[in-house]
Amino acid sequence: MNLQFSIAGVVSRRYINETKGRGLFAEKSFEKGELIFSERPLFSVQHVYNRATAWTCGNCFKFLGSLNKQLLHYRKVFGIKESSELPEFENAFNFHTKVYSCFAKCGEKYCSEECRNVAFYSNHQILCVGEQTPDSNPMYQFKKHSIETNELFLLAAQAIACLICRIANDPSSDQPTQITIPLTTNNNNNNSNNNNNTTTTTTTTTTTTTTNTNNTPETIIQAPLVERICNEFFSEYQHREWWDVRIDGNFTAEEGKQWATESLELLRKALIPLLQNNPKTNNQTFIGTVLSMDFYSHLLGLLEMNDNSIGFFNPLELLRRDINDIGKGPFTNPPIQKNLKDRSNAVLNSIVDAFRQYHNDQEGECDQEDCNDHDHDHGDSPMVSDDHHGHNHHSHDHSHGHGGSHDDHAMEVTEEGGDEEICEEVFPSFDGFGIFGLQAMVNHSCEPNITVVFENHDNRAHIKALRRIEPGEELFHTYIEETNPYEVRQEDLITYGFRCECRKCLEKI
Ligand SMILES: C[S@@+](CC[C@H](N)C(=O)[O-])C[C@H]1O[C@@H](n2cnc3c(N)ncnc32)[C@H](O)[C@@H]1O
């Protein structure tokens with residue numbers, strides 16, 4: 001969680017006397033299509049519904065195994081008996097990765113030893129429920145509750161787990177002197193209807209007090225790691241209490257409060273014994289602070305206000321689309337020879353047929369609207385992995401994001417040899433969300449000048465210029481569907497708590 005950044009050509013600046021907070025600005029020119037920066041998320045999770053079918057690395061979210069292993073996985077999910085394999089391709093998507101299991105055999109899988117280590121030592125060791133966990137396990141209960149209420153709790157738990165791991169693993173994190181976490185909101189954008197956002201929490205301990213020559217506590221230089229990290233985080237990003245943000249609008253403030261209270265209770269049950277077991281974290285002040293409702297509600301609010309969608313296509317889907325539409329996409333060079341194409345089509349079509357059959361059985365005709373609805377139940381997700389035990393019925397609204405997008409492969413596909421239009425996606429894309437340190441500083445405009453793509457098919461976001469950007473210009477992406485008419489955009493922006501003053505909005509276009 002290193003929030004210091006130094007990206008050539010980009011600088012963060014705070015607006016003075018403005019409600020906009022801070023934004024990112026270009027310091028040099030960028031040409032249309034040019035990469036401005038890339039970054040990995042600080043915390044990120046795969047949407048629960050998506051875990052049942054999109055089989056990806058628990059750390060970087062790359063699709064696992066190979067095209068044929070993905071096929072196998074897919075057949076298992078849909079109970080397809082047929083076992084023919086795809087031929088080998090010589091192209092970028094003919095990937096082969098080993099599949100590594102979580103050390104504690106919880107069911108989480110990774111694409112490399114490095115990913116397994118990074119996940120485990122940065123947060124998963126705190127959140128892992130291990131093998132054959134009884135339903136009474138508090139972490140299991142916490143995850144179940146998150147799935148049943150709101151999956152933002154899973155992202156919050158990951159943030160807290162990252163914090164705990166940093167404290168527990170840092171040799172300099174001795175007993176805290178004084179902890180003053182700035183939960184007072186740092187955003188001035190109070191045109192939201194929240195007048196209650198100025199809570200300050202100050203927690204003090206007398207364990208050891210280091211003083212400087214002025215006899216005042218050295219809260220900056222000597223501040224314990226926990227304070228430094230929280231300061232970095234809470235003073236960097238806008239936050240309010242979660243129930244005052246509720247960007248997804250799917251629940252009332254009362255429900256939000258109740259869920260957060262229940263969620264924190266379960267998290268405390270799961271984490272307090274663990275924290276008390278480690279001398280580095282067995283500190284009442286630390287435990288009392290990071291597991292307090294003040295901390296939790298502001299953390300949730302911060303995540304809600306700053307998260308981005310993460311999405312990219314399944315390699316099998318890219319293959320399927322490209323086979324039907326040679327001339328576009330990553331399989332054109334070298335071109336797929338006819339026999340490869342025929343063999344692949346035969347294999348893929350069997351899955352497409354099974355997919356249709358499945359949907360016909362489940363919910364009748366698969367129309368376009370159905371296919372766009374990501375709340376489909378694609379079968380049972382095993383109760384095994386890190387933070388996903390099934391399907392989220394109140395899932396966090398990933399569509400808002402602040403710029404996450406699929407890459408630019410066309411979504412309209414017509415199946416070869418038939419006049420029937422097929423569902424837009426047979427093999428599920430990766431779909432998740434997370435907090436990106438830099439992207440979270442980018443403001444909104446309905447005339448964005450940047451876009452976010454996940455072109456390596458992992459969680460690394462690539463921020464690219466949509467047009468030539470001049471030095472001094474602010475970088476803007478869009479938080480909403482910017483092609484919608486003025487009235488719809490204003491409606492969509494209400495929950496973000498600001499009025500857009502871009503040219504289009506000022507001219508009511
Ligand atoms: C993801 S943050 C963007 C960075 C933010 N300005 C900051 O200081 O951290 C989103 C918040 O920034 C503010 N914001 C974003 N775009 C804005 C705009 N066009 N006009 C006014 N405020 C904006 C809103 O408060 C919004 O909730």
Side-chain angles (χ1 to χ4, degrees), residues 3-5 7 10-26 37 39 41-44 152 155 182-195 197-198 231-249 298-310 396-405 433-452 461 463 473-482 486 489-507 509:
L3 302 177
Q4 301 300 321
F5 79 93
I7 301 273
V10 177
V11 67
S12 148
R13 278 196 219 124
R14 214 164 264 287
Y15 281 89
I16 302 168
N17 296 332
E18 279 228 31
T19 55
K20 243 183 186 172
R22 173 209 30 195
L24 278 194
F25 291 80
F37 62 85
E39 64 175 336
L42 299 170
F43 325 111
S44 53
L152 196 65
L155 195 65
L183 290 183
T184 308
T185 185
N186 64 336
N187 60 317
N188 303 317
N189 62 321
N190 291 333
N191 44 359
S192 80
N193 49 12
N194 168 39
N195 297 319
N197 55 7
T198 50
N231 258 318
E232 278 170 17
F233 202 46
F234 281 111
S235 57
E236 275 301 331
Y237 297 108
Q238 301 208 1
H239 55 88
R240 297 198 291 270
E241 288 192 303
W242 183 48
W243 37 86
D244 288 328
V245 184
R246 289 182 299 120
I247 283 169
D248 72 10
H298 280 265
L299 176 61
L300 289 165
L302 186 152
L303 300 175
E304 183 84 59
M305 289 177 81
N306 292 283
D307 73 326
N308 281 78
S309 307
I310 305 174
H396 182 64
D397 178 6
H398 59 90
S399 63
H400 79 269
H402 300 129
S405 67
F433 65 107
I435 293 287
F436 291 83
L438 278 177
Q439 270 184 77
M441 300 181 189
V442 178
N443 285 319
H444 161 86
S445 167
C446 305
E447 285 188 308
N449 55 9
I450 63 161
T451 185
V452 184
I463 286 63
E473 264 193 79
E474 181 166 359
L475 305 181
F476 287 111
H477 58 176
T478 181
Y479 297 180
I480 54 162
E481 181 47 64
E482 80 279 11
Y486 171 75
R489 297 202 312 276
Q490 300 316 304
E491 196 63 37
D492 291 348
L493 281 171
I494 286 175
T495 46
Y496 291 91
F498 66 89
R499 275 200 85 74
C500 180
E501 296 190 339
C502 72
R503 183 195 61 87
K504 268 168 72 178
C505 286
L506 290 177
E507 292 177 17
I509 299 173

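Counting convention: from 1, in listed order, for ligands and their atoms alike.
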N/O separation below 3.5 Å, [X] to ligand 1:
| X | answer |
| --- | --- |
| Arg14 | no |
| Gln439 | no |
| His444 | yes |

Item to check | For ligand 1, the portion of Tyr479 having any non-hydrogen atom under 4.0 Å away | outcome: side chain
Checklist outcome for this item: Note: Lys20, heavy atoms under 4.0 Å from ligand 1, region reported as both
Checklist entry - Does some non-hydrogen atom of Ala440 fall short of 4.0 Å from ligand 1? => result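 So Ala440 counts as touching ligand 1.
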Would you mind listing which atoms of ligand 1 come within a distance below 4.0 Å of any non-hydrogen atom of [X]?
| X | result |
| --- | --- |
| Asn306 | 1 (C), 2 (S) |
| Met441 | 4 (C) |
| Gly21 | 8 (O) |

Next on the checklist: Over 60° means perpendicular and under 30° means parallel, so tell me whether Tyr496 and Tyr479 are parallel, tilted or perpendicular.
Outcome noted: tilted
Checklist entry - What heavy-atom pair brings Val245 and Gly301 nearest, and what distance separates the two atoms? => result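 Heavy atoms only, the tightest pair is CG2-CA, 4.1 Å.
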Item to check | Considering all heavy atoms, the nearest Cys446-Leu493 contact | outcome: SG-CD1, 4.4 Å
Next on the checklist: Given Phe498, Phe476, Tyr496, identify the one with the heavy atom nearest to atom 18 (C) of ligand 1.
Outcome noted: Phe498
Checklist entry - When rounded to the nearest 0.5 angstrom, what distance separates CG in Leu303 from CH2 in Trp242? => result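 Atom-to-atom, Leu303:CG and Trp242:CH2 are 10.5 Å apart.
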Next on the checklist: Treating Asn306 as the side-chain partner and Leu302 as the backbone partner, does any N or O pair qualify as donor plus acceptor under 3.5 Å?
Outcome noted: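 Checked: pair present.
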Next on the checklist: Under a 3.5 Å distance rule, please check whether Arg489 uses its side chain to pair with a backbone N or O of Ile509 as donor and acceptor.
Outcome noted: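 The answer is yes, because a donor-acceptor pair under 3.5 Å joins these two groups.
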Next on the checklist: Test of understanding: with side chain to side chain contact (heavy atoms under 4.5 Å, CB included), list the residues that count as partners of Glu473, not counting sequence neighbours.
Outcome noted: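 Per chain and number, Glu473 pairs via side chain to side chain contact (heavy atoms under 4.5 Å, CB included) with Asn449, Arg467, Ile469, Glu470.
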